[in-house]
Peer 1: 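Before I ask anything, let me first share the structure, which is written out below as structure tokens.
Each chain gets a letter, A, B and so on, in the order the sequences are listed, and its residues count up from 1.
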Protein chains: 2
Amino acid sequence: MVPGMDEPIIRTVSRGVNQSGVRDHNVRLLLTLLQRHGPMAGSDLARLANLSPQTVSIILREMESEGLLARGAPVKGKVGKPSIPMRLAEGGVLSLGCKIGRRSAVLLLADFRGTVRQELRLTYHYPMPEPIFAFLRDGIKTILSKCSPAERSRICGIGIGTPFELWKWSELVDAPAKDFASWRHVDYQAELARFTDLPVQVVNDATAGCQAEHIYGRGKEFRDYAYFFIGAFVGGGIVLNHSVYQGHLGNAGALGSLRSFGPQGESQQLIDTASIHLLEARLAENGHDPRDLWTQPQDWSGFSRLVDPWIGQTAQELAKASLSVCAVIDFEAILIDGAFPDAVKHELVERTRRYLINQDMRGLIAPQIEAGVVGFNARAIGAATSPLFERYFLNGNLRLQS
Amino acid sequence: MVPGMDEPIIRTVSRGVNQSGVRDHNVRLLLTLLQRHGPMAGSDLARLANLSPQTVSIILREMESEGLLARGAPVKGKVGKPSIPMRLAEGGVLSLGCKIGRRSAVLLLADFRGTVRQELRLTYHYPMPEPIFAFLRDGIKTILSKCSPAERSRICGIGIGTPFELWKWSELVDAPAKDFASWRHVDYQAELARFTDLPVQVVNDATAGCQAEHIYGRGKEFRDYAYFFIGAFVGGGIVLNHSVYQGHLGNAGALGSLRSFGPQGESQQLIDTASIHLLEARLAENGHDPRDLWTQPQDWSGFSRLVDPWIGQTAQELAKASLSVCAVIDFEAILIDGAFPDAVKHELVERTRRYLINQDMRGLIAPQIEAGVVGFNARAIGAATSPLFERYFLNGNLRLQS
DNA sequence: AATAAATAAATAAATTAGATTTACATATTG
DNA sequence: CAATATGTAAATCTAATTTATTTATTTATT
């Protein structure tokens, strides 16, 4: 049995549970544990999940026969019968992810375990619906044509990571406001349904990044944390109880909208004080081509004179923002990632830590500041995880109302 | 069967579910639905909970025989057999709640439905462990002595609402720092165990207020909201998915620690800019006795000249704070309550709404600003709800690790 | 080195809990 | 009296646990 056929268990407080709901939950639980902890024997899973070995055995054999799980080499060296570690099968499940960004859109095919198998990119001056949907239509076709029939049948859906209220961005991206307004009534589900039967999930782009970090990066280490993704515009996501929390309208973790203060004490938002578009502007003022930031994502050493003060400012803002979010939820950690070279990321994290200790922390528990590891493509990879959570993994927190 | 005997279902993501877990969940679900929606027939519960009428029938009869539920008068006037609405039995479950505050501690006995049956108060210049534990010991004895044996057996626990890291308060309450440090190693469970066998839950005081508003007040109306309780020091609580979220160390909703800015742009916290202690100070400066605020909780009209500007400042701070919290979670609403007269509360809510619309709301969804209805005693009443959630109600979000 | 004992894993068979389904008695309206 | 909805009894079904068995290995003993 594959989970996700019935409505999953306990998605709202007002849902009773019956036997098939129990099975669905336990199947998802075992998949989630294997995802989170890596390959494991049934006996270990039974202990972790607090289920009887028999129950685990039955579920594992079923999932194995469906090709979701694969068995590893028996582990010897301990007293007793050798254990057989089970793992998520490499190609057991595939999914598509798309990120719509300031400068480019990405479409990719990823597997169960976060490996990107194919990737396509569209760049533009600013995003508009028509070219993006054309890119998706052609891109999906291209990607599917390179898959075997078996692989195609294992693609479980497509996730779209997109900024919240994109139609309000026209002045930020200096696009004609009138054209840009067409984003307002875009219905991704309906548009995608014109050329694919795959289930479609829409998720905030930075929240998608958070999902990627959560399952493939350092997210597993923490129960509750906030995630910053520094792109052209900064955004965020939050995790509670080991689950990404999207919020009732999908706008939880809108960390770009955190209040900040300009040099004259005027009210600003984090998006105005800690985003890469500020660095782009500085580059342009200094006669560089700001597009170099995007075409040379692994090496910004050519602009270090400008990058360095930008890191300083951004770190200061992130330190203040980190404490603001910790007043709402007592996050264990703050993860920072973005569309920049690793060296920049680590410098940013280091400086944020230093600024943090000078802040007023009365009544708060200091969070750990850590660097994310997924990096550049986090938003598209994370978008691809949405269909996985929908069908295979446990997500303690509710989905969006849809 | 009474729920809560086994570990309740799905408290962490890594918990498997078996039949007894299912029953426990469904029992709690029905109790929670009756709590939230009021008396209801089994057939309605079955529809709401998505359970078969048979299952609901069995569970209801069992809970009725245990005295947790009572049947109402048959409802006629519709086609078909009249339905019998079931309700939480008035005295079905009782619990104790204690709030430890700046100026006073309160101990009360409440029932399943939020009605306070007995209430005791201790006032002090500043809180210290020894007198408070003596008050609890004697108070519990007094309260129990006024209960019938049947009532005593129905008391399911005691909840303690206390500020976070009380030992750091010495300068705020001008107490000798040395004495005050004794709070640091206080173990409520151990202290209470010396004179009572009741299970003890410890919860942040403002979060307790939030729990009270959540089940007895306006909390039911919203899926996600933040709650401010304006006491001597402002505090808060948050609700996600219709459940109070305490956070992994019990410090979620530490809204008093939200960053704010003083007149010279210096960094402050909300606790410094939106608390009743500011008003106390103004009263003292103007020759009034600040204790009048606490002894005349329903009438502050004597100090309106001083109260009015305090309301203005507080409203402004709350408006800014409201947007800060909505950048972390897309709360539907902000609920405001406090230890002040209703007239003050409503003026504060009204002005907060007005300030809100002048704020920078890019990227955010404007929350509703609403007044809480539980008022003054919210923290103690809410503390008393902790044992109820522990044993009888569903709480989608995790409890503290303990 | 050979062998027995201990141990842990995995699973088959029997049992059990608790849900659903089906059937029916009941009380009411129209 | 027909229609309808509630509420419950009996039978059925699902998926868990418990108990018992097989198997592969390490460890201790001879």
Side-chain angles (χ1 to χ4, degrees), chain A residues 1-3 5-10 15-30 39-65 69-86, chain B residues 1-3 5-10 15-30 39-65 69-86:
Chain A
M1 186 217 41
V2 172
M5 290 316 178
D6 295 326
E7 261 306 284
I9 207 174
I10 308 180
R15 199 149 208 97
V17 178
N18 56 26
Q19 285 93 327
S20 64
V22 168
R23 171 54 71 97
D24 179 79
H25 174 87
N26 288 339
V27 168
R28 285 170 180 267
L29 173 59
L30 297 188
M40 232 191 298
S43 52
D44 294 322
L45 281 167
R47 275 183 290 265
L48 254 179
N50 236 341
L51 288 168
S52 68
Q54 186 55 222
T55 300
V56 172
S57 173
I58 291 167
I59 294 175
L60 290 183
R61 294 296 78 76
E62 203 172 86
M63 291 197 287
E64 188 186 2
S65 72
L69 298 183
R71 50 178 67 209
V75 175
K76 305 180 185 182
K78 284 182 298 185
V79 175
K81 185 177 174 178
S83 62
I84 297 168
M86 299 301 297
Chain B
M1 186 219 39
V2 171
M5 290 316 178
D6 295 325
E7 259 308 281
I9 206 175
I10 310 180
R15 198 151 210 95
V17 177
N18 56 27
Q19 285 93 327
S20 65
V22 167
R23 172 53 73 93
D24 179 78
H25 175 86
N26 288 339
V27 168
R28 284 170 181 267
L29 173 59
L30 298 187
M40 234 190 299
S43 52
D44 294 322
L45 281 167
R47 274 183 290 266
L48 254 179
N50 237 341
L51 288 169
S52 68
Q54 185 56 223
T55 300
V56 172
S57 174
I58 291 167
I59 294 175
L60 289 182
R61 293 298 79 78
E62 203 171 86
M63 290 197 288
E64 187 185 2
S65 74
L69 299 183
R71 49 177 67 208
V75 175
K76 305 180 184 181
K78 284 183 296 186
V79 175
K81 184 177 174 178
S83 63
I84 296 168
M86 300 300 299

Peer 1: Do B/R61 and B/V56 make a side-chain contact, defined as non-hydrogen atoms from C-beta onward lying under 4.5 Å apart?
Peer 2: no
Peer 1: Calculate, to the nearest 0.5 Å, the distance between atoms CE and CG belonging to B/M40 and B/L60 respectively.
Peer 2: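 B/M40 atom CE to B/L60 atom CG measures 10.0 Å (nearest 0.5 Å).
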Peer 1: Roughly how far, to the nearest 0.5 Å, is the CD atom of A/E62 from the CG atom of A/L69?
Peer 2: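 One gets 10.5 Å once the value is rounded to the nearest 0.5 Å.
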Peer 1: What is the distance, rounded to the nearest whole Å, between atom CG of A/L60 and atom C1' of D/dA16?
Peer 2: 15 Å
Peer 1: Table please: side-chain donor-acceptor pairs of residues 71-79 of chain A below 3.5 Å, with sequence neighbours left out.
Peer 2:
{"from": "A/R71", "atom 1": "NE", "to": "A/E64", "atom 2": "OE2", "distance (Å)": "2.8"}
{"from": "A/R71", "atom 1": "NH2", "to": "A/E64", "atom 2": "OE1", "distance (Å)": "3.1"}

Peer 1: Nearest 0.5 Å please: distance from the NE2 atom of B/H25 over to the CG atom of B/L30.
Peer 2: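 Here the rounded value is 9.0 Å.
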Peer 1: Name all residues meeting the side chain to side chain donor-acceptor pair (under 3.5 Å) criterion together with A/S83; count only those two or more places apart in sequence or in a different chain, and write none if there are none.
Peer 2: none
Peer 1: In terms of the nearest nucleotide of DNA chain C, which residue is placed more toward the 5' end: A/A41 or B/I59?
Peer 2: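 Comparing both residues, the 5'-ward one is A/A41.
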Peer 1: Atom CD1 of A/I58 and atom P of D/dT18: how far apart are they, to the nearest Å?
Peer 2: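 About 14 Å, once rounded to whole Å.
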Peer 1: Indicate, with a heavy-atom threshold strictly under 4.0 Å, whether A/I84 touches base, sugar-phosphate, or nothing.
Peer 2: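 Sugar-phosphate only.
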Peer 1: May I ask you to evaluate whether B/R23 reaches the phosphate of C/dA17, defined as a side-chain N or O under 4.0 Å from OP1 or OP2?
Peer 2: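 Answer no for this pair, as no side-chain N or O of B/R23 is under 4.0 Å from OP1 or OP2.
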Peer 1: Going 5' to 3' along nucleotides 19-30 of chain D, which nucleotides have protein heavy atoms under 4.0 Å from the base (write B), which only from the sugar-phosphate (write S), and which from neither (write -)?
Peer 2: ----BBBSS---
Peer 1: Which part of the nucleic acid does B/T55 contact within heavy-atom distance under 4.0 Å: base, sugar-phosphate only, or nothing?
Peer 2: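 Base, at least one base heavy atom under 4.0 Å.
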Peer 1: Given 3.5 Å as the limit, does a donor-acceptor pair link the side chain of A/N26 with the main chain of B/V17, or not?
Peer 2: yes
Peer 1: Among C/dA19, C/dT11, D/dG7, which is the nearest nucleotide to the side chain of B/L51?
Peer 2: C/dA19
Peer 1: Figure out the CG/P separation between B/N18 and C/dA19, and round it to whole Å.
Peer 2: 12 Å
Peer 1: Applying a 4.0 Å non-hydrogen cut-off, can you work out what B/R47 is touching in the nucleic acid: base, sugar-phosphate, or nothing?
Peer 2: sugar-phosphate
Peer 1: Reckon B/S57 has a side-chain N or O less than 4.0 Å from the OP1 or OP2 of D/dT8?
Peer 2: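 Yes, within the criterion.
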Peer 1: In whole angstrom, what separates A/Q19's CD from D/dT12's P?
Peer 2: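 Atom-to-atom, A/Q19 to D/dT12, this comes out as 16 Å.
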Peer 1: With a cut-off of 3.5 Å and sequence neighbours excluded, list every side-chain donor-acceptor pair involving residues 41-48 of chain A.
Peer 2:
{"from": "A/D44", "atom 1": "OD1", "to": "A/R47", "atom 2": "NH2", "distance (Å)": "2.8"}

Peer 1: Grab the CZ-P distance between A/R61 and C/dA9 for me, whole Å please.
Peer 2: 14 Å
Peer 1: Could you tell me how far apart A/L45 (CG) and C/dA8 (C1') are, to the nearest whole angstrom?
Peer 2: 16 Å
Peer 1: Could you measure the distance from the CG atom of B/L29 to the CG atom of B/D24? Nearest 0.5 Å is fine.
Peer 2: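 Going from the CG atom of B/L29 to the CG atom of B/D24 covers 11.0 Å.
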Peer 1: Would you classify B/S52 as touching base, sugar-phosphate or nothing, given that sugar-phosphate means primed atoms plus P, OP1 and OP2, and contacts are heavy atoms under 4.0 Å?
Peer 2: base
Peer 1: Side chains of A/T55 and A/I59: does their closest heavy-atom pair fall under 4.5 Å?
Peer 2: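 The answer is yes, as the side chains (C-beta and beyond) meet within the 4.5 Å cut-off.
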Peer 1: Pairing of DNA chain C as dot-bracket, 5' to 3': ( ) intra-strand, [ ] crossing, | other strand, . unpaired, with Watson-Crick or G-U pairs under 3.5 Å?
Peer 2: ||||||||||||||||||||||||||||||
Peer 1: Within this structure, what is the CD-to-C1' distance between B/E62 and C/dA17, rounded to whole angstrom?
Peer 2: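 In whole Å, C/dA17 C1' lies 12 Å from B/E62 CD.
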Peer 1: CG of A/D44 versus P of C/dA9: gap in Å, rounded?
Peer 2: 7 Å
Peer 1: Which of the following nucleotides, C/dA19, D/dA16, D/dT6, is nearest to the side chain of B/S83?
Peer 2: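 That would be D/dT6.
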Peer 1: Taking only side-chain N and O atoms of B/N26, does any of them lie within less than 4.0 angstrom of OP1 or OP2 on C/dA19?
Peer 2: yes
